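A short worksheet on the structure shown next.
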Amino acid sequence: MSRTYWRSLAQIEDRPEYRAALEREFPEGASELPEGITRRDMMMLVGASLSLAGLTACRRPVEEIVPYVAPPEEVIPGVPRYYATTFPFRRSAYGLIVESR
Amino acid sequence: MAALAVILGPTIATAGVWYYFSPWYTDVGYRPTQPVPYSHRLHVGELGLDCRYCHASVEISNIANIPPTQTCMNCHQTVKRDSEALAPIRDSAQSGRPMRWIRVHKLPDYAYFTHRAHIAGGVGCVTCHGRIDEMEQVTQMMPLSMGWCLECHRNPNPNRRPVSEVTNMKWTPPRDARLLAAQLGGRPVNPPTDCSGCHR
């Protein structure tokens, strides 16, 4: 005769609460809290807030345009200015055209 | 019933994305509140200021500048001197701190655009910006999307006008196509339609 293994006294005696525990997939509180918000609901809400948080990036960024108070002469916004200058290097001076945006 | 749902569901989803994800929905109608409630309807529509009085660089630069505070004060140091709404302008002129206007029309940085070429080609302000002379607050009227740009780049002539009329908000093309062609002048425009034309 093979041995009969048991895990709890309730199993040997085949009590009704052991029967009830067999019916459940998980012990009480392991999968769902006995009351209030359940673990699965929690995951659902966290997931939803995470995915909806991406939508906030859809809002148009507000960009400011800050013009001069008193524009300097000869400055045209968007048109670069060029200056002729020299760049001393080693024993020479190099002629340069400098672009200033 | 199930077959109907299978057909209708994707159709509605596609139509929804087509419209609600497009700049016609997301960008058109953008109307931020500016620090000073400057009314284009009053200044342009009623007083008849030319666009280029304030946006002076539009013909010679990539960008149409937002006027410096001084441009406002040219008139408003004598006109409406005590206006409550103009207080930020006066503060700016006195303190030297610039105005911080909110940008309405925004092209992405990866798209090259220059106002100069469009003005020289005879594209009116109203074509892209709408009836600014009727706006109390500036509102974006066109999607400024790539497809929208390309529509005109592929066939520019319906949106062209004589260069002298670019800032005219009420200009309508003459009925006679030949007359319009004569007004536009002989040289055809050749807007780029290849990628590197704008994404350079």
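Per chain, numbering begins at 1; letters A, B, ... match sequence-line order. Please read all numbers here as calculations on a predicted model, not as lab measurements.
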Has [X] got more than 12 heavy atoms of other residues, nucleotides or ligands less than 6.0 Å from its [atom1]?
X: Y68(A); atom1: OH; answer: no
X: K80(B); atom1: NZ; answer: no
X: Y53(B); atom1: OH; answer: yes
X: R100(B); atom1: CZ; answer: no
X: Y25(B); atom1: OH; answer: no
X: W171(B); atom1: CH2; answer: yes
X: E13(A); atom1: CD; answer: yes

Practice prompt. Please state whether the side chain, the backbone, both or neither of I65(A) comes within less than 4.5 Å of a heavy atom of chain B.
Written response: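 For I65(A), heavy atoms of backbone and side chain both lie under 4.5 Å from chain B.
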If you look at every heavy atom in [X] and [Y], which pair is closest and at what distance?
X: P67(A); Y: M99(B); answer: CD-O, 3.4 Å
X: P77(A); Y: N65(B); answer: CG-CB, 3.7 Å
X: V79(A); Y: S61(B); answer: CG2-CB, 3.5 Å
X: I76(A); Y: I60(B); answer: CD1-CD1, 3.7 Å

Discussion item. Between I89(B), D27(B), N62(B), T114(B), who has the most heavy-atom pairs with chain A when the cutoff is under 4.5 Å?
Written reply: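 Going by pairs under 4.5 Å, I would pick D27(B).
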Practice prompt. Could you look at R116(B) and say if it's the side chain, the backbone, both or neither that has a heavy atom under 4.5 Å from chain A?
Written response: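 Neither part, no heavy atoms under 4.5 Å.
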Worksheet entry | Residue part contacting chain A, namely of P67(B), when any heavy atom lies under 4.5 Å |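 Contact with chain A is through the backbone of P67(B) alone.
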Discussion item. To the closest 0.5 Å, what do you measure between CD (E64(A)) and CD (Q34(B))?
Written reply: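 Separation between the atoms: 10.0 Å.
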